K.L.:
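Below you will find the structure I want to go over with you.
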Protein chains: 2
Amino acid sequence: MTTDRQPRATLRAVAEAAGVSTSTASLAFSGKGPVAADTVERVLAAAARLGYTGPDPLASSLRHGRSGVVGVIVEGRLLHAFRDPFAVSVLDGLSQVLDEVPAGMLLIAQHAGSPEKAIPQLAGTALDAVVFSLCGPDDNPAVDHLAARGIPMVGDGSPADERVVQLALDNRAGSAAVSRHLKDLGHHRVAHLMMPLRHDSPTGLATRTALDDAEFADSRDRALGFLDVFDDSSLMAQTSLPDVEQGAAAARLLLDRPPADRPTAVVAQSDLLAMGVVRAADELGLRVPEDLSVTGFDGVELPWFPGTLTTIDQHGEQKGRRLGELLRRLLDGERPQDELQAGDLRIGTTTAAPAQS
Amino acid sequence: MTTDRQPRATLRAVAEAAGVSTSTASLAFSGKGPVAADTVERVLAAAARLGYTGPDPLASSLRHGRSGVVGVIVEGRLLHAFRDPFAVSVLDGLSQVLDEVPAGMLLIAQHAGSPEKAIPQLAGTALDAVVFSLCGPDDNPAVDHLAARGIPMVGDGSPADERVVQLALDNRAGSAAVSRHLKDLGHHRVAHLMMPLRHDSPTGLATRTALDDAEFADSRDRALGFLDVFDDSSLMAQTSLPDVEQGAAAARLLLDRPPADRPTAVVAQSDLLAMGVVRAADELGLRVPEDLSVTGFDGVELPWFPGTLTTIDQHGEQKGRRLGELLRRLLDGERPQDELQAGDLRIGTTTAAPAQS
DNA sequence: GCGAGCGGTCGAATCGATTCGATCGAATCG
DNA sequence: CGATTCGATCGAATCGATTCGACCGCTCGC
């Protein structure tokens, strides 16, 4: 524990100590140009003696014009963003690819209610590229800022902007597929449980008109997919947060009614919401799937859930890796095409034909 | 969509366009020195004209010697690290404080099996400070590297090193407290379910001797707390990952035995493991808490769980904020004292007196 | 034996901003 | 009216590394 108030050793100091020029010392460290073996040794020895731990990343970055950092912009508080296992698996896949680039991931939280507040932070950080993932508002002031700085961006569908390379999921088709599955099973009274449509959405019943001023395209498109199969008069609810808690609260509004009115199935816009429905059903004494079929969206692991949820699998980890690939190509100077992925319908134990009534 | 292959505008270009020196332009932007109002205006106008988005963070950082980035080192894959809601809430609290500093959080995954692999990445990134959180091995090569670079570090108990400012939880006391709660209720046959003791721990039954070569101090200390109350002959199991899945697998080994042998309670080392126990109990037809009492550790939200878990609340978000405070002081040049926090016993609906037998 | 080529090394420019000290004109004070 | 001070601006050094072109002494080939 020496009180090391002396500034860190620099390459120049090492070069001097080794009796060579800084250029040579630099070459010796990076292993680029041709340097005599014993010179390298002398430099390395001097470095060890002075406690030099390698070139200062900041100086090196400045010269190269690369910081080795990729920004990941997430919506709202980390607590909410990462509560969803889907977000986490995307991030996990992304990190696998970025590890190889190599690049680090810098987390940047941006609240949908005041997206402009993140700009000063963005402006002050050296970023090689940015991923918009799990982050909602469709027009985002950060896009303008980053575009002006010439920083490449990838997104998962939003913000919808041609300057952002998109790896989107066909939300509408996926949602329609799972809805059709229920219809094929014979369900007619089917309710829809939506993720937030806006940053200030309250949990509660909703109608089709709510879609008109949706901020989040995911939620809107999944709702449209549902409405492609079931009609506008279907019971719908939205939530303030896409978590189990709010899912259960909204599900109670959908399910707590006389049997003749009660939906025989609920199409939830995420697996977490679906878990909320299951929980609410449980509280109301409804068995899944005998009394109520439930579907989710995302395809996350739900280890605490006995059984398997019927859902649309988005393959989060794979999606994260794909985002990473796009990023890698962007960093290499390419301009990859937008991509649209399809989700896979995965039938579990939470859906069945409705009871005869 | 202009093909902007022209390099970004620099401060110098702006200064020239405005007809002032770069020094003045810099002053105009930062608002430090005294600059005439109309000069500022001219500079700002020129900046707007050239599409200058403010000083390059890299250059600015180099000059200041601050990157505005704090590294967060997490154990293993993000997927596993963030599967645990406790980790997420700590991160959330941390981010709240760092937002104000301001500083960004750079995620760095470090596998316990080969911690040295993270060093090159560390060496290449400009970090103002580092948080070791949720990251296990007690001696970590990264500490040496970072110490040599003079980068301040905070940790949550591990790695145990005097160069790392610690904000630890009294794991042993917490674990003893929750164990004592069960003893007071009248339990005698109580089993203990442990998080991984080593990065290569298999899920399976274990004995006290397994503690001797534990890598992870948290797990070891919680086990010791349990053994402060119940004796060495107690049934114990460890897991390969601290998640619900492995918790359930290990719990089956503990519970699937004749009633006379079967523990009447399980002290799990984390809430997620406890959920695994609940799930295994369910499968075996055991009611909680009538047939089996279950306790956890951490105090996370378990929205899908009907009822509340008896646990030790670590106040994750608050802990994250406290870590942030320590970091802030470290960045200000202080050298804060280590801190030891206590967890709070929170009694839920998963513990009760054992059935008369 | 002489020029081409090459391995090894170095000097200097550069990346883009910040900041200290110097300068200069104008206003203030005695 | 001369001396002092203050406000505004600028020049130059600096942060720490990377890299291009130049240079020097050898060896090899013709």
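Only a predicted model underlies this, so the values are computations on that prediction, with no experimental measurement involved. In the text below, chain A, chain B and the rest are named by the order of the sequence lines, each starting its count at 1.
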K.L.:
Below 4.0 angstrom, which residues in residues 24-46 of chain A have at least one non-hydrogen atom near DNA chain C?
P.N.:
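Within this stretch, Thr24(A), Pro34(A), Val35(A), Ala36(A), Thr39(A) sit under 4.0 Å of the strand.
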K.L.:
About how many Å separate CG of Leu167(B) and CG of Leu327(B), when rounded to the nearest 0.5 Å?
P.N.:
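That separation rounds to 11.0 Å.
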K.L.:
Counting the atoms with a prime plus P, OP1 and OP2 as sugar-phosphate, which does Thr10(B) contact under 4.0 Å by heavy atoms, base, sugar-phosphate, or nothing?
P.N.:
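Answer is sugar-phosphate: Thr10(B) comes under 4.0 Å of backbone atoms only.
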K.L.:
Locate the shortest heavy-atom distance separating Val101(A) from Ala103(A); write the atom from each residue and the value.
P.N.:
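Closest approach of Val101(A) to Ala103(A): CB-N, 3.8 Å.
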K.L.:
Over all heavy atoms of both residues, which pair between Pro159(B) and Val143(B) is shortest? Give the atoms and the distance, please.
P.N.:
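Answer, listing the atom of Pro159(B) first, then Val143(B): CG-CG2, 3.6 Å.
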K.L.:
I need the minimum non-hydrogen distance between Ala126(B) and Val69(B), along with the two atoms involved.
P.N.:
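Closest approach of Ala126(B) to Val69(B): O-CB, 3.8 Å.
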K.L.:
Kindly assign one of parallel, tilted or perpendicular to the pair Phe82(A) and Phe82(B), based on the angle between their ring planes and the thresholds 30° and 60°.
P.N.:
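The rings of Phe82(A) and Phe82(B) lie parallel, inter-plane angle below 30°.
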K.L.:
Given atom CG of Leu11(A) and atom P of dT14(C), what is their separation to the nearest angstrom?
P.N.:
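Rounded to whole Å, this separation is 20 Å.
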K.L.:
Pairing donors with acceptors under 3.5 angstrom, does anything connect the side chains of Gln96(B) and Glu317(B)?
P.N.:
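Checked: Gln96(B)/Glu317(B) side chains pair up, N/O donor to acceptor below 3.5 Å.
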K.L.:
What's the CZ-C1' distance between Arg12(A) and dC10(C), to the nearest Å?
P.N.:
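Checked: the CZ to C1' distance equals 15 Å.
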K.L.:
Between Arg328(B) and Glu334(B), does any NZ, NE, NH1 or NH2 come within less than 4.0 Å of an OD or OE carboxylate oxygen?
P.N.:
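No, this pair does not count.
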K.L.:
For a quick test of your reading: what N or O donor-acceptor pairs under 3.5 Å do the side chains of residues 36-50 of chain A make, sequence neighbours left out?
P.N.:
residue, atom, partner, partner atom, Å
Arg42(A), NH1, Ala18(A), O, 2.8

K.L.:
Looking only at side chains, do Gln166(B) and Asp161(B) share a donor and an acceptor under 3.5 Å apart?
P.N.:
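The answer is no; no qualifying pair exists.
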K.L.:
Do you know the tightest heavy-atom contact between Ser158(A) and Phe132(A)?
P.N.:
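Heavy-atom minimum between the residues: O-CB, 3.9 Å.
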K.L.:
Do any N or O atoms of the protein come closer than 3.5 Å to N or O atoms of nucleotides 23-26 of chain D, and which pairs are they?
P.N.:
none

K.L.:
Look at Arg322(A) together with Glu325(A) and state whether they make a salt bridge at an N to O cut-off of under 4.0 Å.
P.N.:
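Judged by the 4.0 Å cut-off on N to carboxylate O distance, Arg322(A) and Glu325(A) do not form a salt bridge.
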K.L.:
Kindly say whether Pro102(A) contributes a backbone atom to a donor-acceptor pair with the side chain of Gln121(B) at under 3.5 angstrom?
P.N.:
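Answer holds: no.
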K.L.:
Quick check on contacts: within residues 13-21 of chain A, what sits under 4.0 Å from DNA chain D by heavy-atom distance?
P.N.:
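Close to the strand, none.
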K.L.:
What residues from residues 53-66 of chain B pass a heavy-atom cutoff of under 4.0 Å to DNA chain D?
P.N.:
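Result for residues 53-66 of chain B: Leu62(B), Arg63(B), sorted by number.
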K.L.:
For the helix from dG1(C)-dC30(D) to dG30(C)-dC1(D), what is the angle between the axes at its two ends, each from 5 pairs, rounded to 10°?
P.N.:
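It comes to 50° between the two terminal axes.
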K.L.:
Can Thr24(B) and Ser21(B) be counted as having a side-chain donor-acceptor contact under 3.5 angstrom?
P.N.:
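On atom types as modelled, these side chains qualify, holding a pair under 3.5 Å.
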K.L.:
Charged N to carboxylate O below 4.0 Å: is that the case for Arg163(A) and Asp144(A)?
P.N.:
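Looking at Asp144(A) together with Arg163(A), the answer is yes, because their closest N to O distance falls below 4.0 Å.
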K.L.:
Let me see the working for Arg8(B) and Thr53(B) under side-chain hydrogen bond (donor to acceptor under 3.5 Å, both in side chains), right down to the final yes or no.
P.N.:
CA-CA 9 Å; Arg8(B) 239 188 108 213; Thr53(B) 46; 2.8 Å; yes
